[in-house]
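Excluded from the calculations below are hydrogen atoms, water molecules and symmetry mates; all remaining heavy atoms, backbone and side chain alike, are included. By convention in this document, chain letters (A, B, ...) are assigned in the order of the sequence lines, proteins followed by strands, and residues within each chain are numbered from 1.
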Amino acid sequence: MVKTTWIGDVQKGQYNGKEVELMGWIKRERGSNKLRFIVLRDSTGSIQCVGKLDALGEKSFNLLKGILIETSVILKGVVSASEKAPGGHELQISSMEIVGGVNSERPFPINEDSLRVVDENGSPLYGGSEFLLNHRHLYLRVGRQTTMLKLRSSAFGAIHNYFRGQEFIEYQAPNFVAGAVEGGSTLFEVPYFQDEDNPDQKVYLTQSWQLYAEAAMPALERLYTIAPSFRAEQSRTRRHLTEFWHAEMEMAWANNNDIMVHGEGVVRHIAKTMLDECEQELTSIDRDLDLVARYADNPYPRMRYDEAVEILQGKGVKIEWGEDLDHSKESVLTKDFDVPHFLTHYPKIAKPFYHRVDPDDEKYVLCHDLLAPEGYGEIIGGGERTWTEKEILERIDEEGTPRDPYQFYIDVRSYGGVPHGGFGLGVDRVVSWLAGATSIREVIPFPRTSRRFTP
RNA sequence: GCCGAUUUAGCUUAGCUGGUGGAGCGUGGGACUGUUAAUCCCAAGGUCGUGGGUUCGAGCCCCACAAUCGGCGCCA
């Protein structure tokens, strides 16, 4: 059995006047006792199909009449253009076969009502409805979720495309690691590796590919990955997952500015690719195409931390120099942004040891965050790395971080260290922002949060 | 971790000053030859999140717990 006819192509008019065989699922059903309308869907779209008693015979017609939502069927018939049919085309059914049925005692649970859940402000909660999260395995096939999966695929493709086009090599790091990347972040412990003789030896799920990428930097010079990262934070927001997809790059012979060029490059390329490949999908979830085009077509301004603090103080926000910019401060700042902005040169005290100190002013580190507008916030964090053995030892000791788990990382710098850097991009966050999703959980098939690990 | 909110049928929800819980969708049965979330008639479906308390009487008042959501902190 090979499927050759796709509903999306039928709706483009490629089969007008021809007999086709459509394989798909029942999306809706209505009609009278002599005429039934069903809407059939597949992965490419949906189409109205008409079943008439005299054309089908009593037996087939009665099957059609009692058919339940999400029954899988094969329908044969002739396609015609029709102004009355949603989408512009319809199929006159000549024969039908039910492939997989649905039990009427357990009908498909997701209906229009279940999609209309709103939060206290009246905003839809597609990504935050408990019912939809519990039924994610079935929700995936409902319009808006399917669209999100397609947008996600487009973004992943665009990332590979961008980096490979820029001569980056794809490189994989282990997911079980012995040390943390982020100083303050919470790690997921993996008990499997625990050893009675050495009970203090802990193994965790990775938070970032970065440390292992730096090890391969002298070999590959330009490398990237798209891989899951894990953070055991008790975050209760629309922007956090405990398991998220992290696109990271590392680049030799590069400074902070060189890295930002690629951060801007890849994000704009994702926006452009989505517009090119998924215009229809974006429209179907009411995303403003002009906004996405603006993010694809315009350069992303850069602003130093000090300037951001001044702006915030000018707006009456309480912030002192040296404080990190948390999300509530970021959102005040990004309110006036019409495109993403880079924030650079954070104070050294606000950032971990692997960020390189600015040789021109040792109060700062050579780093950057990319902040997305519309309240979505940070989508990239990156910068230059501390690349000499002497400096990395100083900074590790200064922070009070134990050297042991990082021995391999330090060692890399003992053999021909070079200036280098990279960034991490939250793929789910970027998709969520470009799609205008109500929550990051909308754009990942099975979200994992501090309280959600099923289905 | 902190703060706030929510929990009534498979789903979405109404429920007055405390007095035997209503509806829409869905499901089952019936009517209808061009519907667009079809329409119309009928039926089934509820120990009101769990446990305790106040009361003659609790979906409603009080306490505890749980689940979930939202905001913050942390970050991609």
Side-chain angles (χ1 to χ4, degrees), chain A residues 27-39 46 48-55 61 65-66 68-69 82-87 90 92 102-121 123 125 127-135 138 181-186 207-210 227-248 263 324-331 351-352 369-372 376-382 423-433 438-441 449-452:
Chain A
K27 188 179 175 186
R28 231 181 278 291
E29 188 270 339
R30 55 181 170 263
S32 67
N33 59 8
K34 288 181 182 159
L35 173 70
R36 308 300 300 179
F37 296 93
I38 64 167
V39 178
S46 58
Q48 174 165 291
C49 306
V50 187
K52 291 180 176 165
L53 175 61
D54 45 15
F61 185 85
K65 199 176 167 184
L68 292 172
I69 303 294
S82 162
E83 278 181 20
K84 287 183 202 162
E90 74 179 14
Q92 292 287 334
V102 171
N103 183 344
S104 70
E105 284 173 19
R106 295 183 58 240
F108 192 67
I110 298 171
N111 58 24
E112 300 280 342
D113 282 338
S114 59
L115 297 173
R116 229 178 290 144
V117 184
V118 296
D119 65 17
E120 55 267 33
N121 302 317
S123 313
L125 267 179
S129 147
E130 183 178 5
F131 176 78
L132 292 178
L133 285 165
N134 286 337
H135 293 83
L138 301 178
V181 175
E182 305 293 343
S185 297
T186 326
Q207 299 177 302
S208 167
W209 158 97
Q210 179 195 328
S229 281
F230 305 89
R231 304 220 173 144
E233 292 153 357
Q234 297 288 345
S235 303
R236 310 193 45 69
T237 79
R238 307 179 188 216
R239 307 180 306 280
H240 285 86
L241 295 166
T242 52
E243 175 183 343
F244 68 96
W245 284 81
H246 213 171
E248 298 184 81
D324 207 352
L325 296 174
D326 58 48
H327 186 262
S328 57
K329 297 182 185 79
E330 269 176 27
S331 62
K351 292 286 174 180
D369 286 353
L370 183 62
L371 308 182
Y376 287 89
E378 189 173 344
I379 52 175
I380 278 182
F423 64 76
L425 174 151
V427 185
D428 317 278
R429 281 191 181 176
V430 170
V431 177
S432 176
W433 160 57
T438 58
S439 159
I440 197 168
R441 283 170 294 193
T449 65
S450 59
R451 298 196 184 188
R452 167 73 58 183

*Asks:* Consider the side chain of A:Asp326, meaning its heavy atoms from C-beta on, and name the nucleotide among B:rG73, B:rC25, B:rU35 that approaches it most closely.
*Replies:*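 In terms of side-chain proximity for A:Asp326, the closest of B:rG73, B:rC25, B:rU35 is B:rG73.
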
*Asks:* If the sugar-phosphate is the primed atoms plus P, OP1 and OP2 and the base is the rest, what is the B/S/- string for nucleotides 26-31 of chain B, using protein heavy atoms under 4.0 Å?
*Replies:* SSS---

*Asks:* Taking ring-ring contact (aromatic ring centres under 6.0 Å, His included) as the test, write out the residues that go with A:Phe131, two or more places apart.
*Replies:*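 ring-ring contact (aromatic ring centres under 6.0 Å, His included) check on A:Phe131 returns A:His135.
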
*Asks:* Which of the following nucleotides, B:rC72, B:rA37, B:rU33, is nearest to the side chain of A:Arg28?
*Replies:*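 The nucleotide sitting nearest to the side chain is B:rA37.
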
*Asks:* With respect to the side chain of A:Asp54, which nucleotide from B:rU33, B:rG34, B:rC72 is positioned closest?
*Replies:*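 Selected nucleotide: B:rU33.
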
*Asks:* Kindly write out the residues that satisfy ring-ring contact (aromatic ring centres under 6.0 Å, His included) with A:His327, not counting sequence neighbours, or none if the list is empty.
*Replies:*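 Residues passing ring-ring contact (aromatic ring centres under 6.0 Å, His included) with A:His327: none at all.
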
*Asks:* Scan A:Ser32 against the nucleic acid and name what it touches under 4.0 Å (heavy atoms): base, sugar-phosphate only, or nothing.
*Replies:*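 It contacts base atoms.
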
*Asks:* Can you list everything that forms a side chain to side chain contact (heavy atoms under 4.5 Å, CB included) with A:Leu125? Sequence neighbours excluded, please.
*Replies:* A:Val117, A:Asp119

*Asks:* Could you check if a side-chain atom of A:Arg239 sits within less than 4.5 angstrom of a side-chain atom of A:Ile440, using non-hydrogen atoms only?
*Replies:* no

*Asks:* I'd like to know if A:Glu130 pairs up with A:Arg451 as an ion pair, taking the criterion as any Lys NZ or Arg NE/NH1/NH2 lying under 4.0 Å from an Asp or Glu carboxylate oxygen.
*Replies:* no

*Asks:* For B:rA9, what is the paired nucleotide under Watson-Crick or G-U wobble rules, both distances under 3.5 Å?
*Replies:* none

*Asks:* According to ring-ring contact (aromatic ring centres under 6.0 Å, His included), who are the partners of A:His246, at least two apart in sequence or on a separate chain?
*Replies:*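 Partners of A:His246 by the ring-ring contact (aromatic ring centres under 6.0 Å, His included) criterion, ordered by chain and then number, come out as A:Phe244.
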
*Asks:* With nearest nucleotides of RNA chain B determined for A:Ser235 and A:Lys84 from heavy-atom distances, which residue corresponds to the more 5′ nucleotide?
*Replies:*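 Looking at the nearest nucleotide for each, A:Lys84 comes out on the 5' side.
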
*Asks:* Of the nucleotides B:rA76, B:rG73, B:rC11, which has the atom closest to the A:His246 side chain?
*Replies:* B:rA76

*Asks:* Does A:Ser104 have any side chain to side chain contact (heavy atoms under 4.5 Å, CB included) partners at least two apart in sequence or in another chain, and if so, which?
*Replies:*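 Side chain to side chain contact (heavy atoms under 4.5 Å, CB included) check on A:Ser104 returns A:Leu68.
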
*Asks:* Just checking A:Arg238: base, sugar-phosphate only, or nothing, at a heavy-atom cut-off of under 4.0 Å?
*Replies:* sugar-phosphate

*Asks:* Once you apply the 3.5 Å cut-off to both distances, tell me the Watson-Crick or G-U wobble partner of B:rU20, or none.
*Replies:* none

*Asks:* Who are the salt bridge (charged side-chain N to carboxylate O under 4.0 Å, His left out) partners of A:Arg36, not counting sequence neighbours?
*Replies:* A:Glu29

*Asks:* Please list, chain by chain and in numerical order, all residues satisfying side chain to side chain contact (heavy atoms under 4.5 Å, CB included) with A:Gln234, sequence neighbours excluded.
*Replies:* A:Ser450

*Asks:* Between protein and nucleic acid, restricted to nucleotides 65-68 of chain B and to nitrogen or oxygen atoms under 3.5 Å apart, what atom pairs and distances do you find?
*Replies:*
unit_1 : atom_1 : unit_2   : atom_2 : d
B:rA67 : O2'    : A:Glu130 : OE2    : 3.3
B:rU68 : OP1    : A:Arg451 : O      : 3.0

*Asks:* Does a side-chain N or O of A:His240 approach OP1 or OP2 of B:rC74 to a distance below 4.0 Å, or not?
*Replies:* no

*Asks:* Please tell me if A:Arg239 has a side-chain N or O lying less than 4.0 Å from either OP1 or OP2 of B:rC72.
*Replies:*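 So the side-chain polar atoms of A:Arg239 do come within 4.0 Å of the phosphate oxygens OP1 or OP2 of B:rC72, strictly under.
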
*Asks:* Using whole Å, report how far CZ of A:Phe131 lies from P of B:rU7.
*Replies:*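 Roughly 17 Å, once rounded to whole Å.
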
*Asks:* Any stacking of A:Phe244 on B:rA76, going by centres under 5.5 angstrom and planes within less than 30 degrees?
*Replies:*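 It does: the ring sits over the base of B:rA76.
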
